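Read through the structure below, which is laid out as structure tokens, and then see the notes.
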Protein chains: 2
Amino acid sequence: MSSAPKTESDRTPATGRARSAPTLPGGRQARRKAETRQRLLDAARTLFATRGYDATRPQDIAREADLATGTFYLHFADKHEAFLAFIEVAAEELMGVIRRRAVGATRFEERLGSALEGLFDFAESQPGVLSAAFADAAVIAAVVPSGASLRDRLADSLARGLQHDMDRGEVAPDYDARVIAHGIVGMIDAACVHGASHATSRAELISNVTRFCARALAVEGRPPTEAQTR
Amino acid sequence: MSSAPKTESDRTPATGRARSAPTLPGGRQARRKAETRQRLLDAARTLFATRGYDATRPQDIAREADLATGTFYLHFADKHEAFLAFIEVAAEELMGVIRRRAVGATRFEERLGSALEGLFDFAESQPGVLSAAFADAAVIAAVVPSGASLRDRLADSLARGLQHDMDRGEVAPDYDARVIAHGIVGMIDAACVHGASHATSRAELISNVTRFCARALAVEGRPPTEAQTR
DNA sequence: CCCCACGATTGACAAATTCTCATTAATGAC
DNA sequence: GTCATTAATGAGAATTTGTCAATCGTGGGG
């Protein structure tokens, strides 16, 4: 929480030794370092997801990774940076899950349903990670790096798909795709939270959210699709 | 972050002195104490909203309130408890804003529109407070007190209204009101975040979200209302 | 008014945590 | 093998959190 110390995240890449060509990228040294960083990230993930941000200390992360406390600071400036790195990794994974699940899905409601299925599976296998990834990082620290949050990525992806659907007349054209996409992401987040804390079945949850969105997006005068009815 | 010290939040109310009747509730002492707590809460609000949770320290809150650090711990067990108290107060205020705005609104889309207007006004006059109130407290600390979050309160209120609307045939009856209510709260949250960070006008935002929800909830075969069309 | 008991607040400092950096260990080029 | 460089270590400096003895403010009784 002091001014930024020199860490790996700030250092320029090693340009090589005065006497020879750059280090081989696959060298044991580089691999060892990458492995250490990975261990720290894994430990951070475990602790942030189970204890929450507040109760997780840098010394805990280092210990969980079976490393010295000083090593933590070689890789991250502070706890907050470790948290941001964790949610960045989680966001990437989640986008990958959604992409994989979307294979073969063409209509909007199919894409939404498969995304929800994927997110639910993820949330079940890794409690706490999804909600951390969906969290508004600005509440934890006022200055948020410019990288895109999970919400933004998901909303961008949805907005593109929606715009495409609008252009083809598959979806009502009189919405701002970006606004609606962000709204749907908010809904997805809420559904995941709801699924984790209420007795509603997953199928029921997915059905409600999917029907809701499909109906909202339905082109007027067009016969309802299966997803819009029950 | 150690085990709970004795604070005001843990103490039983003073039962009076051994020699006489209980202290008068309106006494200067009681008023002074309440004022001190209020000053701490105001300071906490200012700092949490502008700096974020991480960079706000108990000593900062005490200083901002022009009080000694020890006084902070007489009122709150730790930083986290002060944060929870802040978002609790904010949630109450926000529910009040929404209630006041809803006066005279009967149809769902009217209620939603006025709620959004109220929230946007609030967000504009107090940056950072709304997003903190909407945040998932479980990301900050794993153990969240049983009090209802802003999301839950808003969703409960919406679910009651929706259920009522369904019973009267004003809204499609084949949704789980609670699931949909939570989803709409997620949408509201996303709209507020979007409004704070994008160039979309407020009217456009409200129109998109309101139309989206109104269409999703429309009773089949019923003529569209004004809010469902553009 | 004074006295006294009790509750509210203070701030020095003990305890805990964060972070630095001299030292040690591992790597890789020659 | 030697030597320079990079990665990791952990003691301890710096900072923050939280405690508690001392002080201040209040209120009741004489």
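All values below were derived from every heavy atom in this structure, side-chain atoms included, with hydrogens, water molecules and symmetry-related copies excluded. The shown structure was predicted, so the numbers you read here are calculated from the model rather than taken from an experiment.
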Nucleotide of [options] approaching [X] most closely (side-chain heavy atoms):
X       : options                : answer
B:Pro58 : D:dT9, D:dT17, C:dT18  : D:dT17
A:Arg57 : D:dT26, C:dT18, D:dT16 : C:dT18
B:Gln29 : D:dT17, C:dG7, D:dA7   : C:dG7
B:Tyr73 : D:dG10, C:dT10, D:dT19 : D:dT19

Toward the 5' end of DNA chain D, which comes first, A:Glu35 or B:Thr71, by nearest nucleotide? A:Glu35

For [Y], does its backbone N or O pair with a side-chain atom of [X] as donor and acceptor, under 3.5 Å?
X        : Y        : answer
A:Arg153 : A:Ala148 : yes
B:Thr71  : B:Leu67  : no
B:Lys79  : B:Thr56  : yes

Would you call A:Arg28-A:Glu35 a salt bridge at under 4.0 Å N-O? no

Could you tell me how far apart [X] ([atom1]) and [N] ([atom2]) are, to the nearest whole angstrom?
X       : N      : atom1 : atom2 : value
A:Leu67 : C:dA25 : CG    : C1'   : 14 Å
A:Phe76 : D:dA7  : CZ    : P     : 15 Å
A:Lys79 : D:dT17 : NZ    : P     : 10 Å
B:Arg28 : C:dA8  : CZ    : C1'   : 14 Å
B:Ile61 : D:dT17 : CD1   : P     : 9 Å
A:Leu74 : D:dT9  : CG    : P     : 9 Å
A:Leu40 : D:dA7  : CG    : P     : 14 Å
A:Gln59 : D:dG12 : CD    : P     : 17 Å

I want to check one thing: is the phosphate of C:dA8, taken as OP1 and OP2, less than 4.0 Å away from some side-chain N or O of B:Thr36? no

Under 4.0 Å between a side-chain N/O of A:His75 and OP1 or OP2 of D:dA7, yes or no? no

Residue closer to the 5' end of DNA chain C, B:Thr69 versus A:Arg32 (nearest nucleotide): B:Thr69

Any chance you could lay out the side-chain hydrogen bond (donor to acceptor under 3.5 Å, both in side chains) test for B:Arg45 and B:Gln126, step after step, and finish with the verdict? CA-CA 10 Å; B:Arg45 185 189 192 114; B:Gln126 307 189 52; 2.8 Å; yes

